[in-house]
There are 2 protein chains.
Amino acid sequence: MNQISPRNSPEASPARRRLLDTATRLFYELGIHAAGIDRIIAEAGVAKATFYKHFPSKDELVVAYIEEQDRLGREAVATLPKQPPRESIAAIMGRISEAVVAGGWRGCPFLNAAAEYPDPTSPVRRAIDARRVWYHNSLRKLLAEDGDPAPSVTASLLVALSDGLLESAYLDDPEKIPALVQEGVDRLLERR
Amino acid sequence: MNQISPRNSPEASPARRRLLDTATRLFYELGIHAAGIDRIIAEAGVAKATFYKHFPSKDELVVAYIEEQDRLGREAVATLPKQPPRESIAAIMGRISEAVVAGGWRGCPFLNAAAEYPDPTSPVRRAIDARRVWYHNSLRKLLAEDGDPAPSVTASLLVALSDGLLESAYLDDPEKIPALVQEGVDRLLERR
DNA sequence: ATATAGAGACAGACCTGTCTGTGTAGGAGA
DNA sequence: TCTCCTACACAGACAGGTCTGTCTCTATAT
């Protein structure tokens, strides 16, 4: 038996792919606790034994969900065109508007998950932490390049503004978000 | 039987008071779905029948929890000293720092609840909406008094900053919040 | 005497996770 | 080409626990 045959690669399994896609949709739409395993496997068309072969527990599925959302976000940022730092920041923040005007926005997946996982040492919370550290650092580096005298402070404010506007898009009026993103970034960035 | 006797007032029942206090603590610490009725009544020392006499369902208890948190916030703002609008805004935003440095902060109760209630027509979401409308309007009026040329936009940005900093206090470093509140308000308010 | 509330059994549904059994597709060897 | 073998996945029963909500019975206090 070939232990490193392609079939052992996680991505090579269609069942695993269907499970993660279905879980992503249901976790986001219903909330994590409200989306049961029985429903996930039924809508994915996967047997329960197959599910527990790919994921040791529901929490591991949640971690995979969080990590994949994180990875997709990082890839989207990585493929942004090379441009001056201030334009890069505007482009990163502009992704908020894109995510939100598409419709079906139900809040930031990471904040929603954090609301359901109080234990900061849980694997789910660690995955969320990793995402937040990456996001803050990405902005901080661009701000430093831009000559911001306190790039870490400004980055924290931009992170807070991002989180707040993503929640506002869920709970208030999504159509106002694009203008608020632009205005908020303008006001938070140091004028020169 | 006197239908409007004092004993019919909701606040007159110690059992109801214990239920709401215990539910408030458990909903906030564990999350709403994760806090079961059995545990709430056990820790409150209340019989199940008594619980269902005071609250027709768990969701009604959740609504009472949200509405009470909302009421407490409004009372705290109402008792702030009369002062110029910009100082009032600073005082309202300063409540974020107070809430957070006390320790045990687990995120904004309203945002956490919204994460668990996807249906925007549910009573819980309506209670959250009412809170957000009040908060936005309070800031907008003060900004208009202050002569802000676009008080609604600025108010939306301050609401977003509030939400984002409350989440940051939960997921990042709470000790940095007071400085970020001050700095964020400074940058968002129109300079004159 | 009546209102209030404690204790707890119970129903029916749903939760996660384990288990057995069946079907199928593809590669290896004759 | 035919057959065997192995990996994979589907179907679903089952266990043990928890969920909300209803019920009966008992105790207390005014």
Side-chain angles (χ1 to χ4, degrees), chain A residues 1-23 26-27 29-65 113 116-119 122-124, chain B residues 1-23 26-27 29-65 113 116-119 122-124:
Chain A
M1 168 166 39
N2 186 358
Q3 291 287 358
I4 42 174
S5 77
R7 91 187 89 221
N8 288 332
S9 161
E11 297 306 316
S13 162
R16 191 194 140 95
R17 187 65 259 159
R18 287 204 306 279
L19 282 168
L20 191 46
D21 286 344
T22 308
L26 292 177
F27 284 161
E29 288 178 5
L30 307 176
I32 293 173
H33 284 151
I37 293 289
D38 282 348
R39 178 156 174 192
I40 292 169
I41 62 172
E43 295 199 15
V46 166
K48 213 172 217 185
T50 305
F51 167 76
Y52 279 102
K53 198 163 85 68
H54 287 290
F55 301 95
S57 70
K58 181 183 176 181
D59 269 9
E60 287 301 309
L61 176 63
V62 178
V63 170
Y65 156 62
E116 296 200 60
Y117 283 82
D119 178 4
S122 69
V124 173
Chain B
M1 169 165 42
N2 186 0
Q3 292 286 356
I4 40 174
S5 76
R7 90 188 88 214
N8 287 330
S9 162
E11 297 308 315
S13 163
R16 191 194 141 95
R17 187 66 258 160
R18 287 204 307 277
L19 282 168
L20 191 46
D21 287 344
T22 308
L26 293 177
F27 285 161
E29 287 177 6
L30 307 176
I32 294 173
H33 284 152
I37 294 289
D38 282 350
R39 179 156 175 191
I40 292 169
I41 62 171
E43 296 199 15
V46 167
K48 213 172 217 185
T50 306
F51 168 77
Y52 279 101
K53 197 164 85 70
H54 287 289
F55 301 96
S57 70
K58 182 183 177 181
D59 270 10
E60 287 302 309
L61 176 63
V62 178
V63 170
Y65 156 64
E116 296 200 62
Y117 283 82
D119 179 3
S122 67
V124 173

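Because the structure is a prediction, the values reported are computed rather than measured. By convention in this document, chain letters (A, B, ...) are assigned in the order of the sequence lines, proteins followed by strands, and residues within each chain are numbered from 1.
- In this structure, of D:dG21, D:dA9, C:dA5, it is D:dA9 that holds the atom nearest to the side chain of A:Ala15.
- Residues A:Leu61 and A:Ile40 meet the side-chain proximity criterion, which asks for heavy atoms closer than 4.5 Å.
- Note on B:Lys58: every side-chain N or O is 4.0 Å or more away from OP1 and OP2 of D:dC19.
- Sequence order on DNA chain C of the closest nucleotides to A:Ala34 and A:Ala49 puts A:Ala34 first from the 5' end.
- Distances were taken from every side-chain heavy atom of B:Thr50 (C-beta onward) to each of D:dC10, D:dG21, C:dA5; the shortest belongs to C:dA5.
- For C:dG6, its base never sits under 3.5 Å from the side chain of B:Lys48 at any donor and acceptor pair.
- The distance from atom CD1 of B:Ile41 to atom P of D:dC23 is 16 Å, rounded to the nearest whole Å.
- A:Tyr52 and A:Ser57 make their closest contact through CE2-CA, 4.2 Å (heavy atoms, listed as atom of the first residue, atom of the second, distance).
- A distance-only check finds no donor-acceptor pair linking the side chain of B:Glu116 to the backbone of B:Gly31 [under 3.5 Å].
- For the pair A:Asp38 CG and D:dC14 P, the interatomic distance rounds to 15 Å; values are reported in whole Å.
- Between the side chain of A:Glu43 and the backbone N or O of A:Thr22, no donor-acceptor pair lies under 3.5 Å.
- The CD1 atom of A:Ile37 sits 18 Å away from the P atom of D:dG12 (whole-angstrom rounding).
- A:Lys48 contributes no side-chain N or O that, together with a main-chain N or O of A:Ile37, makes up a donor-acceptor pair within less than 3.5 Å.
- When distances run from any side-chain atom of A:Val46 to the nucleotides D:dC10, C:dG6, D:dA9, the shortest one goes to D:dC10.
- Residue A:Phe55 contributes atom CZ, which lies 14 Å from atom P of C:dT16 at whole-angstrom precision.
- In this structure, B:Asp59 places its CG atom 15 Å from P of D:dC19, rounding to the nearest Å.
- Contact annotation: A:His54 side-chain N/O to D:dC8 OP1/OP2 distance is not under 4.0 Å.
- Across D:dC8, C:dA7, C:dG17, the shortest atom-to-atom separation from the side chain of A:Lys53 is found for D:dC8.
- If you measure from atom NE2 of B:His33 to atom P of C:dC14, you get 14 Å, rounded to the nearest angstrom.
- Across the protein-nucleic acid pair, B:Tyr52 atom OH and D:dT24 atom P stand 17 Å apart, rounded to whole Å.
- Spacing between atom CG of B:Leu61 and atom P of D:dG21 amounts to 10 Å, rounded to whole angstrom units.
- Among the heavy atoms of the strands lying under 4.0 Å from A:Arg18 are primed sugar atoms or P, OP1, OP2 only; no base atom is included.
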